[in-house]
Amino acid sequence: MTYETVIGLEIHVQLSTRSKAFCGDDIRFGGAPNSQVSAISLGHPGTLPRLNAEQVKFAARLGLALGSTINLGHTFDRKNYFYADLPKGYQITQDARPICVGGSIEVLVGGETKTIRIHHVHMEEDAGKSQHDSADAYSYIDLNRAGTPLLEIVTEPDLRSAEEVDALMTAMRQLVRYLDISDGNMQEGSMRCDCNVSIRPQGATYLGNRCEIKNLNSMRYARKAIEYEVQRQIGVVEAGGKIDQQTLNFDPATGVTSPLRSKEDAHDYRYFPDPDIPPIQLTAAELAAIQAQLPALPWVLRKKMITTYGLSAYNAELLTAEAETAAFFLALSEQTAAYTAAANLIINKVLPWRKEQDKNLDSFPLSAAQLAELIELIETGQVSNSTAYQELFPALVAAPDRRPAELATANGWLQSADADELGSWVDAVLAAHPDKVKAYQQGKKGLLGFFMGEVMKRSKGQAEPKKTTALLQERLG
Ligand code: ADP
Ligand code: MG
């Protein structure tokens, strides 16, 4: 029997607001334990939450980008459970009426696009962090994270493999960064996901019982966890067993999932409207203002790069991976019509510069006009591609006030397409190798490369290759 894997994700994204969801505490990552905790974060009785309006804006931004329906009126609920890192005894979340419903996102899986439907997006606050693995006998609790604003994005069970999960997380990370609502950093826990995994016979249309693997904060672990869990479920079913609906933990050290608890039902949480937070009412005008401020979205830009600028799908993907890279290409495309050459220059030279320097592209020292001039030199054959990349580009970056043509001339990097000059190099080379000329004329056409090499040596790399080839072929008959 072959099985199909079915996966739905609950993705948690930490918002990059300045302060927490319901109080003014700083949300910055990495502070000394329990240094960002007011009485509200500590859950002291008698304190009252106050809504941070920025998170509502951020949530609406994401919903609009996903094409969700935005509930102008939405409410916060209490999800009641006991845990030491949740001092209030409940989490403030949205249950009955979340801010965003429906929508979808396009992901790229092995070069193909696939649409994943979104069930809904809701706002909620994060809990604190418990640490049980310290060397001494104690557990530690850090409440800095308690009350941090999160969005939970719940997908429909539309994913079919770990690879698609990876693609979705990549697309979501890209989107929240474009929207400037989160840094999307998985290592620091700003983005993590719960994976709901089930299997069914290939071709079946019903859903099998699922297990939920909690809190995966690295794509590598998510992949391993899903692969392990699918094999485990197939094993159970093949042995005639049934899958128990469970919440699982994944241990990266052993690569094994293990039950955390049996799956709780919604009624276990005793959800009810939070009486401390009045219903939120966005106006249509507020929503329109948020819509008007949406940046160009990654998949829109990707299509534009392919259709308007004629770039390959691969180049378009690389150039839209980050908003600033796409903006950089678009600025350059206003100065040159050689779009593919511009894309290649950015991908092969500018992006490696950014990585090496660990800087943003706004501190790249050359203007779009200078890069366009460099591209012009390549396109017209005045400077060879390799000289432009290996010599001229680094020289310009080191001396950004110089003009590309001027620097190329000063360093002797210009290629010659002058017929007389080319002719004298070609003649000299042919005269020096009469035996090879004979061999060529008797059919050893591969010697053309040898002659090219000799002309390049003699001209110190200044012979323009296309014209040189043509001239060699002409003289050799
Ligand atoms: P709950 O609120 O109990 O966690 P939901 O119905 O809201 O359950 O679903 C949560 C997530 O589980 C969603 O991402 C959904 O797509 C996914 N899911 C639901 N049923 C299945 C299934 N049979 N197999 C895989 N994923 C599923
Ligand atoms: Mg859930």
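Residue indices begin at 1 and follow the sequence shown. This structure is a prediction, so every number in the text was calculated from the model and none was measured.
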| Per the side-chain contact (heavy atoms from CB on, under 4.5 Å) rule, which among Leu159, Val107, Leu108 passes with Lys114? | Val107
| query | Distance-only, no hydrogens or angles: does the Asn360 side chain make a donor-acceptor pair with backbone N or O of Asp362 under 3.5 Å? | reply | no
| remark: Interatomic distance, CD1@Ile70 vs CZ@Arg61, rounded to 0.5 Å, equals 12.0 Å
| request: Indicate whether any N or O donor in one side chain lies under 3.5 Å from an N or O acceptor in the other, for Glu54 and Thr17. | output: no
| task | Apply side chain to side chain contact (heavy atoms under 4.5 Å, CB included) to Asn411 and Glu391, showing your working. | result | CA-CA 9 Å; Asn411 287 289; Glu391 313 280 355; over 6 Å; no
| Once you round to the nearest 0.5 Å, how far does CG of Leu168 lie from CZ of Arg173? | 13.5 Å
| request: Run the salt-bridge test on Glu406 and Arg402 with the 4.0 Å N-O cut-off and return the result as yes or no. | output: yes
| said: Heavy-atom count check: over 12 atoms from other residues, nucleotides or ligands less than 6.0 Å from Lys304 NZ? | reply: no
| Going by heavy atoms in the side chains, are Pro404 and Leu396 under 4.5 Å from each other? | yes
| message | Under a 3.5 Å distance rule, please check whether Arg145 uses its side chain to pair with a backbone N or O of Ala127 as donor and acceptor. | response | yes
| What do the steps show when you test Arg223 against Glu163 for side chain to side chain contact (heavy atoms under 4.5 Å, CB included), and what is the final call? | CA-CA 7 Å; Arg223 220 171 236 280; Glu163 194 192 1; 4.0 Å; yes
| task | Please examine the side chains of Glu373 and Arg403, heavy atoms only from C-beta on, and report whether any two atoms are closer than 4.5 Å. | result | yes
| Taking C-beta and beyond as the side chain, do Cys211 and Gln246 meet within less than 4.5 Å on heavy atoms? | yes
| said: Quick check against the 3.5 Å criterion: does Glu164 have a side-chain atom that pairs as donor or acceptor with the backbone of Arg160? | reply: yes
| Can you tell me how far CZ of Arg210 sits from CD of Glu229, rounded to the nearest 0.5 angstrom? | 12.5 Å
| Heavy-atom check, side chain of Thr325 versus side chain of Val350, under 4.5 Å | no
| request: Using modelled atom types only, decide if a donor and an acceptor are shared between the side chain of Asn217 and the backbone of Arg192 within a distance under 3.5 Å. | output: no
| query | Just checking, any donor-acceptor pair under 3.5 angstrom between side chains of Gln231 and Glu227? | reply | no
| query | Is it true that a side-chain atom of Asp158 and a backbone atom of Ile116 form a donor plus acceptor pair closer than 3.5 Å? | reply | no
| Pairs where residues 434-457 contributes a residue and the test ring-ring contact (aromatic ring centres under 6.0 Å, His included) is met, not counting sequence neighbours | His433-Phe450
| field | Nearest non-hydrogen partners of Thr320 and Gln174, listed with the distance | value | O-NE2, 2.6 Å
| field | Check ion pair Glu454-Lys457 (N to O, under 4.0 angstrom) | value | yes
| field | Within-4.5 Å side-chain heavy-atom neighbours: Leu374 and Gln370 | value | no
| query | When rounded to the nearest 0.5 angstrom, what is the spacing between CD1 in Ile346 and CG in Leu332? | reply | 5.0 Å
| If only atom types and distance count, is the side chain of Glu324 paired as donor or acceptor with the main-chain N or O of Leu361 below 3.5 Å? | yes
| task | Kindly write out the residues that satisfy salt bridge (charged side-chain N to carboxylate O under 4.0 Å, His left out) with Lys349, not counting sequence neighbours, or none if the list is empty. | result | none
| task | List the atom of Arg354, the atom of Lys359, and the distance in Å for their closest heavy-atom pair. | result | CG-O, 2.9 Å
| Counting heavy atoms not belonging to Arg475, are there more than 12 under 6.0 Å from its CZ? | yes
| query | Which heavy atom in Glu379 sits nearest to a heavy atom in Ala341, and how many Å separate them? | reply | OE2-CB, 3.5 Å
| field | Test: Lys214 and Glu212 ion pair at under 4.0 Å | value | yes
| remark: So the ring-ring contact (aromatic ring centres under 6.0 Å, His included) pairs with at least one residue in residues 375-416 (sequence neighbours excluded) are none
| Any luck finding a side-chain donor-acceptor pair between Gln382 and Thr380 under 3.5 Å? | yes
| query | Side chains of Leu62 and Ile153: closer than 4.5 Å at any heavy-atom pair? | reply | yes
| task | Among Val6, Ile7, Asn209, find the residue that satisfies the side-chain contact (heavy atoms from CB on, under 4.5 Å) test when tested with Ser198. | result | Val6
| request: Taking the side chain as every heavy atom from C-beta outward, state whether Glu188 and Gln14 have any pair of such atoms under 4.5 Å apart. | output: no
| task | Enter the distance from Arg302:CZ to Leu297:CG here, rounded to the nearest 0.5 Å. | result | 11.0 Å
| task | Any chance you could measure Ile105, atom CD1, to Thr115, atom OG1, to the nearest 0.5 Å? | result | 10.0 Å
| task | Return the set of residues passing ring pair (Phe, Tyr, Trp, His ring centres under 6.0 Å) with Trp299 (not counting sequence neighbours), or none when no residue passes. | result | none
Got a list of side-chain donor-acceptor pairs under 3.5 Å for residues 309-317, not counting sequence neighbours?
unit_1	atom_1	unit_2	atom_2	d
Ser312	OG	Asn315	N	3.1

| task | Output yes when Glu322 and Arg177 qualify as a salt bridge under the 4.0 Å nitrogen-oxygen rule, no when they do not. | result | yes
| Over all atoms of both residues, closest heavy-atom pair of Gly31 and Asn144 | O-ND2, 3.5 Å
| request: May I have the step-by-step check of side chain to side chain contact (heavy atoms under 4.5 Å, CB included) for Met123 and Ile99, ending in yes or no? | output: CA-CA 7 Å; Met123 291 180 274; Ile99 181 163; 4.1 Å; yes
| Does a sphere of radius 6.0 Å around NZ in Lys444 hold more than 12 heavy atoms from other residues, nucleotides or ligands, not counting ones at 6.0 Å or beyond? | no
| With ring centroids as reference points, do Tyr228 and Phe250 lie under 6.0 angstrom apart? | no
| So, the side chain of Asn185 versus the backbone of Ser190: is there a donor-acceptor pair under 3.5 Å, distance only? | no
| task | Mind running side chain to side chain contact (heavy atoms under 4.5 Å, CB included) on Asp183 and Ser16 for me, showing each step along the way? | result | CA-CA 7 Å; Asp183 62 24; Ser16 52; 5.9 Å; no
| Non-hydrogen atoms of Tyr178 and Pro298 that approach each other most closely | CD2-CD, 3.6 Å
| request: Examine distances only and state if a side-chain atom of Gln415 and a backbone atom of Gly381 form a donor-acceptor pair shorter than 3.5 Å. | output: yes
| field | Test item: Asp194 side-chain N/O and Asn215 main-chain N/O as donor-acceptor pair under 3.5 Å | value | yes
| Counting only N and O atoms by type, is there a donor-acceptor contact under 3.5 Å from the side chain of Gln233 to the main-chain atoms of Val230? | no
| Is there side-chain contact between Leu260 and Thr247, with heavy atoms separated by less than 4.5 Å? | yes
| message | To check you understand the geometry: which heavy-atom pair defines the closest contact between Met456 and Ala463, and what is its length? | response | CE-O, 2.9 Å
| field | Residue list, ring pair (Phe, Tyr, Trp, His ring centres under 6.0 Å) with His122, at least two apart or on another chain | value | His120
